[in-house]
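Have a look at the structure below, then the notes.
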Amino acid sequence: MNVAQQLHQLQEIDLEIEANEGALRQITRQIGESEVVARAQKKLASERQHLEELQHQQHATEWEIDDLTAKITPAEEKLYSGRITSTKELANLQHEVDGFKAHRGQLEDKVLEIMEQVEQAEASVATTGEELKKLETEWQNQQQQLSADMERVKAVLADLRHKRQVLSDKIDPQMVSLYQQLRKQKVTAVARVEQGICGGCRISLSTANLQQVRSGSLVQCTNCGRLLYLA
Ligand SMILES: [Zn+2]
């Protein structure tokens with residue numbers, strides 16, 4: 001293998017290293033907090049709070065009803081006891097009892113309404129809870145997959161870096177340094193020559209240039225500056 005071919009192989013390894021480094025960055029970005037899960041958690045928390053508020057409202061209204069019943073029962077007993085003989089007093093008491101009962105009726109309607117809302121809120125909490133559980137399971141599976149992928153990519157990278165070291169140790173350091181300078185400017189520093197054309201810039205090589213490539217010496221394309229090699 002001549003220098004150009006060795007540098008080409010080095011480039012192949014470098015491109016592979018870069019691709020794996022990109023994959024590793026992508027995996028690293030995906031590992032950790034999940035926005036979707038966090039959103040679902042927030043939604044569930046707010047739905048639970050709403051449910052608690054409704055339940056509290058229901059109980060408060062039920063207590064109010066109990067209080068009214070506690071007033072109505074003795075008042076009615078008094079009303080029908082025969083102890084009160086004054087017509088006016090009887091009428092007043094009856095009026096008071098009617099007022100309590102009307103208010104209690106309103107509160108009973110309110111409780112029914114609240115109970116309906118409680119039922120809906122409970123259904124929402126159940127649905128969101130299930131959604132969250134599903135999302136968390138998916139996320140956990142994804143995280144496990146990502147961790148496995150990360151380990152695999154890290155192993156591949158370690159292997160590639162080792163291969164690169166072994167190969168670059170065999171090449172003239174000056175050539176490696178020239179290659180690295182070119183790599184900073186271009187994605188590919190080494191271009192394959194096919195049918196007399198530079199694979200980097202698609203320009204036909206001069207006869208002299210082509211001859212040099214064929215002889216195995218390291219030549220740069222006169223147009224794009226890439227190192228040329230024959231496969
Ligand atoms: Zn070229």
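Counting starts at 1 for both ligands and their atoms, following the listed order. Numbers here simply count residues along the sequence, with the first being 1.
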Which residues share a side-chain hydrogen bond (donor to acceptor under 3.5 Å, both in side chains) with Ser215, sequence neighbours left out | Ser217
Does the distance from a Lys or Arg side-chain N to an Asp or Glu carboxylate O, for Glu35 and Arg39, drop under 4.0 Å?
-> yes
Residue set satisfying salt bridge (Lys or Arg N to Asp or Glu O under 4.0 Å) with Glu18, at least two apart, ordered chain then number -> Arg183
Side-chain donor-acceptor pair present, Glu47, Thr128, cut-off under 3.5 Å = yes
Residues two or more places apart in sequence or in another chain: which of them pass side-chain contact (heavy atoms from CB on, under 4.5 Å) with Asp98?
-> Gln94
Quick one: do the Asp14 and Tyr179 side chains pair a donor with an acceptor below 3.5 Å?
-> yes
Return the number of protein N, O or S atoms with a distance to the Zn ion (ligand 1) smaller than 2.8 Å.
-> 4
